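See below for the structure under consideration.
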Amino acid sequence: MLPPESLCAHFGYLFAVRVVYRRGGKSDVMRTTRANVETVETEHHEVIVIGAGVGGIYALYRLRELGVDVKVIEAGDDFGGTWYWNRYPGCRFDSESYTYGFSFSKELLDEWHWTERFSPQPETLRYLQHVVEKFDLRGGMQFNTRLERATWREDSQTWFLEVGEGRTMSCNMLLPAIGLLSAPTPPRYEGMDDFGGESFHTYYWPKEPINFEGLRVAVVGTGATGVQIIPAIAPLVGSLHVFQRRPNWCAPLKNARISEEEMADIRSRYDEIFARCAETPGGFIHGPDDRSFFDVNREDRLEFWEWLYDQPGFGIWLANFREVLMDEEANAEFSEFVANKIRERVTDPVTAEKLIPKDHGFGVQRVPMETNYFEAYNRDNVHLVDISEQPIERIVPEGIQTTEATYEFDLIIYATGFDAITGAFDRIDIIGSDGRRLRDVWNSGPRTYLGVQVEGFPNFVMLAGPQGASVSTNFPRAIETSVDWATGLVAYMRENGLRRIECTAEAQDAWVTEVEQLYGMVLLRNARGWFTGYNSNVDGHDVKRHMIYNGGAPRYRRRLESAVADGYAGFVLT
Ligand code: NAP
C-alpha cells in the first residue's frame, strides 16, 4: 500500500486523511492542511464500473438487478463507448447485427428492429440509447469523469479513485470496462502540429458533419477502420490519397437491408441464434467447417471458397477449413485465392499487387470486412501511396512529405489504430496492494488469471481484460459472459460476507502459460498487428505480446465456470 505521503504529494500539500465509509452513500474526508482545514467528500460505492460502453451498460443493469450500490464513471460526455467515439463515415459492425444486441431481455429483443445486416454506427448508438432509456440506467452513470489514478488501500480494503479536478471516489470492487480499442494511437511524425488544414485520428471524428466536396483528403492507415472510410468518402471528396504501410487481407462484407419480414424471422429464432453463437469459437454464427482441408480435393475447395467469398460477414475467415488458420500450406493456398480476387477487382495491375499482403497470410491478422474497398482504387480521384517504398518523412504545413514528393491536403485522417487491450489500462495510474503500478507489471506484456484478475490487484476484476475471450471474440456475446461472471462474484462475496478477492501467482502463471501455448497452435502467432500487441506508435510495442485467449469462447466460458464450481479455484477470498 502507498504511504499516505504519496497521496499528499499528489495533491501538492500535506494533509491527514480521516475517512468514514457508509455503504451507498458519501464518506466525509477531513483534510488538515498546513494552511487551512477543508472538508471534501469522497463518494463511496460498493462497486464502481469504469466505462459506459457496451460492457459498462450491461454491468450496470446486472448489478442494479442484484441490488448492489453501483456507479459507472465515464470519461466522455455520454455513454456508448466505441459507438460514441467512432463516428467516421462507413463505421459499422462486422458482427451480424442480430448477434450484437444484448440477449438478456426478450422484450428488448422483440421490440428492436435492426435495419441492416451489419448495423451502421448511428443505429448502434441509437440502440444503446434505447437500452439505457428502457432500463432507466442513465442515472447510474457519471460522465466527464476520467479515472486518473486508482490506489488499493489495504487497511479499508477499498479502491481510492482520483477522477480529476481534485474529485475522489472509493469503492469495494472496481470493474474496468474500458474497452479494448479505446486508446487511439496517432502516428508520431514530425511536424504534425504544423499542418495547415484539419487533421485527426478516426477515434476523434468530429460530431459536426464534414462537407467533403472538393476536399483534398489523405487517409493514413489501411486497417479495418481505413478500409471502411476509404470507399465511403471516395465518391464525396475532390481527391483521396491513401498512405499504406502494409496492406491487409480484406473480404466483402455483403451488407444489406433487413426487411420487416426478415426481422420477424430473426426474432422468432433468437434462442437458436444465441445458442449457435455460444458454441462457435468466435462467438459468431460462423463456426469452422467440419471437413479437413486435406480431405477435400482442390476443385471442391475452390468451389467452397467461391461460395464463402459471396457470403455475408466473417464466414470467409471463421467458417473456413480450420487448417487455413493453423497450417502454412492451407493458408498459402487460400491466400492465393483471395489475392486473385483482388487482381480481378482492381483494374490497374500495379495497384492490385500493392494491395495484396506479401508478409503474412490471410486471416492471421484481424480481417477487415469491406464494401467496394478495392473498387475505390479504380476511381480517378483515388491514389495509393505505398509508404513502404516512399516513407513519410514529416508532416508539413501544406500536407505530407514523403521521400519522393510532397502531397498537398486540406484534411488528413489518421486511421492508425489503437494501443489495443492494455493501452487503456496503461493510461490510468493503477496502484496495487504492494505499491506496484499495473503498467509496470505489464511492461513487457500482460499477465492475468483468466483475463479477469492480476495478482497484486485485489478486488480489481476486468470485464474485457487481456488474455480473456472478450477481447478476441464477438464482443457483446463475450462481454455478457464476463459481466455475468463478475456480477456473480459480487453476489457471492456479499452472500458470504467476503471483502477481498485476489488471484494467486501460481494460477496466473499457469494461465499465462496456457495463453502462450495456444498462440503456438495458430498462425496468428506470426502476425504483426494488435492480436500480438505490435504498435509502432507506442514505445516498447515492437515485440510480441500474448494479448488474447486463442482457445475459443466455449472453452473460455468453461474455464470461468469451472473456477467457480471449484470454489473460485485460483483465487483467495477473505
Ligand atoms: P489497425 O488495424 O491497427 O490498423 C492501423 C493501420 O494504420 C495499419 O494499416 C497500420 O499499418 C497503419 N499505421 C499505423 N501506424 C502508422 C504509421 N505511423 N504510419 C503509417 N501507417 C501506420 O487499426 P484500425 O483500422 O483502427 O482497427 C483496429 C481494430 O478495430 C480492428 O482490427 C477491429 O478489431 C476494430 N474495428 C472494427 C470495425 C468493425 O467492427 N467493422 C471497424 C474498425 C475497426 P501496419 O499494418 O503497417 O502497422
Side-chain angles (χ1 to χ4, degrees), residues 94-96 98-99 117-118 248-256 265-266 269 271-345 356-357 360-370 469 472-474 477-478 514-515 517-527 529 531 548-559:
D94 37 28
S95 308
E96 281 72 13
Y98 51 86
T99 72
R117 266 186 203 155
F118 304 95
N248 266 295
W249 292 104
C250 309
L253 180 66
K254 303 274 175 186
N255 187 33
D265 173 58
I266 288 166
R269 292 188 297 106
D271 286 348
E272 189 190 313
I273 289 166
F274 290 131
R276 171 68 183 152
C277 293
E279 69 184 16
T280 64
F284 294 93
I285 53 169
H286 315 283
D289 195 89
D290 286 339
R291 299 166 297 169
S292 164
F293 169 89
F294 297 104
D295 291 344
V296 178
N297 68 44
R298 185 166 157 77
E299 199 181 320
D300 289 348
R301 289 200 291 263
L302 288 174
E303 194 184 326
F304 174 49
W305 289 339
E306 286 293 347
W307 178 80
L308 273 183
Y309 200 79
D310 247 1
Q311 296 305 302
F314 273 143
I316 191 131
W317 190 23
L318 304 176
N320 215 318
F321 303 112
R322 284 172 201 275
E323 290 83 354
V324 166
L325 301 182
M326 300 174 86
D327 179 274
E328 302 276 3
E329 182 190 333
N331 183 271
E333 190 181 306
F334 184 64
S335 299
E336 191 52 26
F337 169 84
V338 181
N340 285 333
K341 290 288 176 197
I342 298 171
R343 292 181 185 113
E344 282 166 23
R345 291 174 57 186
I356 298 170
H360 66 282
F362 181 92
V364 309
Q365 290 183 182
R366 203 315 196 140
V367 178
M369 303 306 292
E370 46 85 21
S472 53
T473 59
N474 193 5
R477 303 280 58 79
E514 182 174 335
V515 166
Q517 283 167 349
L518 286 165
Y519 264 88
M521 294 170 70
V522 287
L523 294 174
L524 74 76
R525 64 179 174 268
N526 302 324
F531 286 171
I548 63 175
Y549 179 74
N550 288 305
R555 180 168 153 162
Y556 178 72
R557 212 169 34 247
R558 284 197 298 275
R559 296 300 304 274

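Everything numeric here is computed off the predicted structure, so don't read it as measured data.
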Can you measure from CG (L524) to CZ (R366) and round to the nearest 0.5 angstrom?
13.0 Å
Give the C-alpha distance, both sets of side-chain angles, the deciding distance and a yes or no for side-chain contact (heavy atoms from CB on, under 4.5 Å) between T473 and Y549.
CA-CA 9 Å; T473 59; Y549 179 74; over 6 Å; no
Student check: side-chain heavy atoms of N526 and V364 closer than 4.5 Å
no
Taking atom CD of E279 as the centre, report whether more than 12 heavy atoms of other residues, nucleotides or ligands fall under 6.0 Å from it.
yes
Nearest non-hydrogen partners of E323 and S292, listed with the distance:
OE2-OG, 2.9 Å
Classify the angle between the aromatic ring planes of W305 and F337 as parallel (below 30°), tilted (30 to 60°) or perpendicular (above 60°).
tilted
W249 side chain to G363 main-chain N or O, any donor-acceptor pair under 3.5 Å?
no
Hey, are the side chains of E514 and R559 touching, using non-hydrogen atoms and a 4.5 Å cut-off?
yes
Does the salt bridge (charged side-chain N to carboxylate O under 4.0 Å, His left out) test come out yes or no for E306 and K341, once each step is laid out?
CA-CA 10 Å; E306 286 293 347; K341 290 288 176 197; 2.8 Å; yes
When you compare the side chain of L518 with that of M521, does any pair of heavy atoms fall below 4.5 Å?
yes
Any side-chain heavy atom of M326 within less than 4.5 Å of one from P288?
no
For the residue pair A478 and A469, what are the closest heavy atoms and their distance?
CB-O, 4.0 Å
Backbone N or O of A319 within a donor-acceptor pair of the D289 side chain at under 3.5 Å?
no
Could you walk me through whether V296 and F321 pass the side-chain contact (heavy atoms from CB on, under 4.5 Å) test, one step at a time?
CA-CA 10 Å; V296 178; F321 303 112; 3.8 Å; yes
Sub-3.5 Å donor-acceptor pair from the side chain of R477 to the main-chain atoms of A553, do we have one?
no
Ring geometry between F362 and F334 (parallel below 30°, tilted from 30 to 60°, perpendicular above 60°):
perpendicular
Gap separating the CD atom of E333 from the CZ atom of F293, nearest 0.5 angstrom:
4.0 Å
Is there side-chain contact between I285 and F314, with at least one heavy-atom pair below 4.5 Å?
no
Pairwise side-chain contact, D310 with K254, heavy-atom cut-off 4.5 Å (strictly under):
yes
Criterion side-chain hydrogen bond (donor to acceptor under 3.5 Å, both in side chains) against N474, the qualifying member of T99, T280, D94:
T99
Between CD of E336 and CD1 of I356, what distance do you get to the nearest 0.5 Å?
7.5 Å
Look up atom CD in Q517 and atom CG in N550, then write down how far apart they are to the nearest 0.5 Å.
12.5 Å
Got more than 12 heavy atoms from elsewhere within 6.0 Å of CG, D290?
no
Which value, rounded to the nearest 0.5 Å, describes the distance between E328 atom CD and L523 atom CG?
5.0 Å
Which atoms form the tightest heavy-atom contact between N248 and H360, and what is the distance?
OD1-NE2, 4.3 Å
If I compare all heavy atoms of A527 with all of Q365, which pair ends up nearest, and what's the gap?
CB-CG, 3.6 Å
Min side-chain heavy-atom separation M369-W317 under 4.5 Å
no
R301 side, atom CZ; D295 side, atom CG - distance, nearest 0.5 Å
10.0 Å
Least distance between heavy atoms, S95 atom then F118 atom
O-CD2, 3.3 Å
So which atom in G287 and which in R276 form the shortest heavy-atom distance, rounded to 0.1 Å?
N-NH2, 3.1 Å
Are D300 and R291 within salt-bridge range, i.e. N to O under 4.0 Å?
no
Looking at side-chain heavy atoms only, is the closest gap between F531 and S472 below 4.5 Å?
no
